[in-house]
Amino acid sequence: MYPVAHIDLTAIEHNFLRVRALAPNSQIMAVIKANAYGHGAVEAAKALSGSDAFAVARLTEAVQLRQAGISQPIVLLEGVHSIDELQAASTHNLSLVFHTSLQLDLLKSIDLPSQLSFCWLMMETGMHRLGFAEREMDNALSFLQENHNITGQIGIMSHFANSDEYGDERNTAQLERITSFSQAHDLPISLANSAAILSYPDSHKQWLRPGLMLYGISPFDDKNSAELGLRSVMRLCSQIIAIKELEQGDQVGYGGTWVAPDKVRIAIVDIGYGDGYSRQLSNQGSVLINGNICPVVGRVSMDMIAVDITSMDTVTVHNEVVLWGDGLLTAEMVAQKVNTIAYELVCQLNGRVRREYHYGES
Ligand SMILES: *Cc1c(COP(=O)(O)O)cnc(C)c1O
């Protein structure tokens, strides 16, 4: 049944071992938020069973993993936002990131059912998204170290804003800020995401947070995943459900934004924005049919797209179509066409797309 995203669990394991090889002295917190970037959080967690911990953004994501029997430490990258969430985090034995004094306040008036361990203090080092300013860090750290709801060592976390830019001095500045604070307190650091793991060894420190690279996608514009030693994990496929012969001047799809320049043949493919296939790809995207690139013509509809197959003779209804995940058409290539990032394309795929799991390529 189509559409289907084939997920190669062996490739996830391979990419995880690539992280280990790049940073053998660091521990790994595999980032499986947003349904493991659309790949399926529980299945990804199982394939990543060698990971020292997992990270997700929100409580609901962590609870889903616990309910599926995932027992490693799970870090909530955004922490909790209410007493109820704090209590649930304790019940499910989750590890919290603290990034604002509001989250510290939640700890003041409560006795949690069980203490929180393996917690992180988020430091603002240059991204200006989450974290305590340098001048607030000492107080926040002492508060956590003294609070009876928290046990064990606190780590210091921050996040790069420009790690996909090699050698950018803003990365050095962020690394220096977190290092000087952490060294003064002799605490572990977690800073490096995929791009930093791949291109900035000095930033590896004690705990890595790879996301994108585990799914075999390159974070860089100028290097593909194969050049980075990564294996692509997702192959998104659907099928042709109708073929039409058009005359010159016939329009295609809503708004008639594409008009046949000549006699053409188009195939209607069973995927649309209702599956998470971006409507930005209208008249911009392309697909792969029997190893040939075919352009998307007209607007992406909710359930379907049209592609030009004029140059192909042997294509028939039910022929399989690859939307991305082939060396000739990677998610990165599709993303570049519409000025977005492959992160967004894979995360957008919704529950209407069946995931099929394989060990090895399907
Ligand atoms: C999503 C996220 C990551 C993973 O980043 P990648 O670029 O996908 O490797 C790491 N840390 C934080 C805080 C994140 O939000």
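Counting starts at 1 for both ligands and their atoms, following the listed order. Only heavy atoms go into these numbers, but all of them, side chains included; no hydrogens, no water, no symmetry mates. Note that the numbering runs from 1 along the sequence shown for the chain.
Between Asp52 and Arg20 there is a salt bridge, since at least one side-chain N of the basic residue sits less than 4.0 Å from a carboxylate O of the acidic one. Using a cutoff of 4.0 Å between basic side-chain nitrogens and carboxylate oxygens, Arg265 and Glu245 are scored as salt-bridged.
Closest approach of Leu246 to Ala260, counting heavy atoms only: CB-CB, 4.3 Å.
For the salt bridge (Lys or Arg N to Asp or Glu O under 4.0 Å) test, no residue two or more places apart in sequence or in another chain qualifies with Arg279.
Ring geometry for His6 against His358 counts as tilted: the plane angle lies between 30° and 60°, on a 0 to 90° scale.
By the 4.5 Å heavy-atom criterion applied to side chains, Thr330 and Val334 are not counted as neighbours.
At a 4.0 Å heavy-atom cut-off, the residues surrounding ligand 1 are Val31, Lys33, Tyr37, Leu77, Arg129, His159, Asn193, Ser194, Arg209, Pro210, Gly211, Leu212, Tyr343, listed by chain and number.
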